[in-house]
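First comes the structure, then the notes that go with it.
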Amino acid sequence: MKLYNTMSRKVEDFKPIEDHKVGMYCCGPTVYNFAHIGNLRTYVFEDILRRTLEKNGYKVKHVMNITDVGHLTGDGDDGEDKLEKRSRETGKSVWDIAAFYTEAFMKDTASLNIKRPTVICKATDHIKEMIDLVKSLEDGGHTYISGGNVYFSIDTIDDYGKLAKLNLDELKAGARISVDDNKRNPKDFVLWFTNGKFKDQVMVWPSPWGVGYPGWHIECSAMSMKYLGRHFDIHCGGIDAIPVHHTNEIAQSEAATGEKPWVNYWCHGEFLINDKGKMSKSSGEFLTLSVLVDHGYDPLDYRYFCLTGHYRSQLKFSYEALDHAKSARQSLNDKVASLKKEASPASSFSEKACGYRQEFFDAMSNDLHAPQALAVLWSMLKDEEVPDDQKLALLLDMDSILGLNLDKVEVKKEESIPQNVLDLVNERAEAKKNKDFKRSDEIRDRLASMGWSVKDTPQGPVVAKIL
RNA sequence: GGAGUCGUACCCAAGUGGCCUAAGGGGACGGUCUGCAAAACCGUUUUUUCAUCGGUUCGAAUCCGAUCGACUCCUCCA
C-alpha cells in the first residue's frame, strides 16, 4: 500500500508501527453549524482510506474528535469561541448547539455510508488530558504566561513549521497577521485561555492557571495520544489544517513527549471548489447535504461524485457534474439489479476476473486512485468474457471500498405494484393487441403522471416506479 | 507582498518522458429493437489534439522558460 505523505511530499510505502494494525486520527468537525459538502468530501476521503487499509488486511483504529469548545473565530485572544458566538446569536445553550450539530453531522456521514470511527471523542470530555498536556509542556519550559493566557513558545523548538515547510523569517517579514502584543513570536499560540474577554463565557473549567478554557490545537494532541499512544501511524485532515492546526499539533506533541516523529504519515484531502473558489463556512452561503437531498439527489450520488476525482486534486462542484455522477450511479445500480436477477455471486474467479480485481485494488492501494479504480470497474462490467456471477461477486467486493451500497440494491419486486396500476397496464396491453395505439399511449401517459413507467420487452410489459 | 497548485476533447475527470494514434463516466447524435417510445446493446462525438508561445530530447500532455487564465495558503476554515 502506498500513501502520499505531506511531511515528505512524496508517495511512500505504508509501513505500520505494529504489524497488521493502524492507528489513524482524523480531525473532526467543530459543531457550531452544519457540515457543508466540502467538509464532507474530506470525511469521504478518510473513509475510503480506512476501507482501503482494511482491505489490505489492517485492523484500523479510527479516532475522530468532536470540537465543542476552544475553536475561536480568530487567532490569538482577539477571537470569540465559535460555539459561544453561536449560542449568543441563537439564544440556545452551547451544549444544545453542540449536541444538535453533532447529531446532524453523524446523520450526514451515516447517509454517505461513511463508517463510524472506532472512537469518537468530544473535546469537553477531555479537559483533564489537555490540562495535563499543557502542564508537561510547562514543565519542559515550552510555555509562558502573558495577558492571562498560557502560550506555546515556538522558539523553544528547532523545527517548528516542518510540515508546512514554513519559512519563519519570511513569514515575519511579510506578516499580514495582526500583531498580538502578548506573543513573543507572532506564530506562538494559546494553550489555555484565562483571559476573560467574554465575561459570560459558559464553557470554563478550573486549571492551574485559573478558570478558563483550552486552545483549539491542544485537544487533538491530547485526544489522539490518549487513544492511539504517543506515536501513531496516520493523521488526516483537510489541506487547510497543514500550516496552522497540524503544525501546532506537531510542535506541542513532540515538545511534550520528546518523541519524533509524533506521527508517521500525514494525509490531507484537497478542497471542493465551485466556480467562485472554495466553499467556506465563514463566507456566508454554503451547500449542505440536505440541500442536495432537497434537490432530489441521494447522498450516495455525492459520494460517487467524490470518487470521480483524486483526493489530492481540487474537485469542481456543479449541479451538472453531480447529475453526471447521479446518472452513472443509477446505471451502476441498474446493472447490479439485473445481475442479481440473473445470478448469485460467484465464489471463485477466472483468470480474467482476477486480473480486474487486482487492477482495481492496485489502483486503490496506490494512494487511493479512485477514478482509475472506477474505470476498471466499468471495463470489467463491459467485458463479455467475465460471467455474470463473477461480475456480481467482483462488484460487491469492490464496493467494500467504494461504499456505494451495491449489496443493498434490490431486484425490483412486482408485487409492490398497486392493483389500479396493474389494471391500467393490462388495459393497455389489450389496446395494443387491438392496435389501438392512441388508447395505449394515453394509458402510458396516465401511468407516467401517476409515477409509473411501462416498458415493452419481448417478455411483455415491465412496470417500474419512476424515481 | 511572500509561498504553492492547476489549466486535458461537448461536460466532469484519469494519465506526469516512449505500450497515449489520451482511461473511465456523463451528455449529444446515429444504429439495432419497438406500432411509436423507454430500457438495453453497438457505434460516433477523440488520429497527431492535452491553455498559448518558445526550448530540451531520438521521442513530451508529461521536463524547462515565458505569457495568459483559474485556484489555494500565509487569517477562522475540510
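Since this is a predicted model, take the numbers as computed values, not measurements. Every chain is numbered from 1, with letters handed out A, B, ... down the list of sequences.
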Would you classify A:Gly237 as touching base, sugar-phosphate or nothing, given that sugar-phosphate means primed atoms plus P, OP1 and OP2, and contacts are heavy atoms under 4.0 Å?
-> sugar-phosphate

Using a 4.0 Å heavy-atom cut-off across all strands, classify A:Pro243 as base, sugar-phosphate, or nothing.
-> sugar-phosphate

By ring-ring contact (aromatic ring centres under 6.0 Å, His included), A:His62 pairs with (sequence neighbours left out) none

Just jot down the salt bridge (charged side-chain N to carboxylate O under 4.0 Å, His left out) partners of A:Glu427, sequence neighbours excluded, or say none.
-> A:Arg439

By salt bridge (charged side-chain N to carboxylate O under 4.0 Å, His left out), which residues pair with A:Arg428, not counting sequence neighbours?
-> A:Asp456

Short of 4.0 Å, heavy atom to strand atom, which residues of [range] count as contacting RNA chain B?
range	result
residues 105-124 of chain A	none
residues 297-312 of chain A	A:Thr308, A:Gly309, A:His310
residues 430-449 of chain A	A:Lys432, A:Phe437, A:Ser440, A:Asp441, A:Arg444

Pairwise salt bridge (charged side-chain N to carboxylate O under 4.0 Å, His left out) hits with a residue in residues 304-316 of chain A, at least two apart = A:Arg312-A:Asp367

Which salt bridge (charged side-chain N to carboxylate O under 4.0 Å, His left out) pairs, counting each pair once, include a residue from residues 33-51 of chain A, with sequence neighbours left out?
-> A:Asp47-A:Arg51, A:Asp47-A:Arg303, A:Arg50-A:Glu54

Under 3.5 Å, which protein N or O atoms sit close to an N or O of nucleotides 38-45 of chain B? Give each pair with its distance.
unit_1	atom_1	unit_2	atom_2	d
B:A38	N1	A:Asp456	O	3.2
B:C41	OP1	A:Lys335	NZ	3.2

Could A:Asp441 and A:Arg444 be called an ion pair, given the rule that one side-chain N must be under 4.0 Å from one carboxylate O?
-> yes

Pairwise side-chain hydrogen bond (donor to acceptor under 3.5 Å, both in side chains) hits with a residue in residues 370-382 of chain A, at least two apart | A:Tyr304-A:Trp378

Taking everything shown except A:Glu89 itself, do over 12 heavy atoms lie less than 6.0 Å from its CD?
-> yes

Donor/acceptor link under 3.5 angstrom from A:His324 side chain onto base of B:G25 | yes

Every stem of 3 or more Watson-Crick or G-U pairs under 3.5 Å that RNA chain B joins, in order of first number, is B:1-7 with B:68-74, B:10-12 with B:24-26, B:27-32 with B:40-45, B:51-55 with B:63-67

Between A:His369 and B:G15, does any side-chain N or O lie under 4.0 Å from OP1 or OP2?
-> yes

Considering just the side-chain nitrogens and oxygens of A:Ser379, establish if one lies under 4.0 Å of OP1 or OP2 belonging to B:A23.
-> no

Using the C1' atom in both, what is the distance from B:U52 to B:A70, to the nearest Å?
-> 15 Å

With sequence neighbours left out, what residues match A:Asp240 under side-chain hydrogen bond (donor to acceptor under 3.5 Å, both in side chains)?
-> none

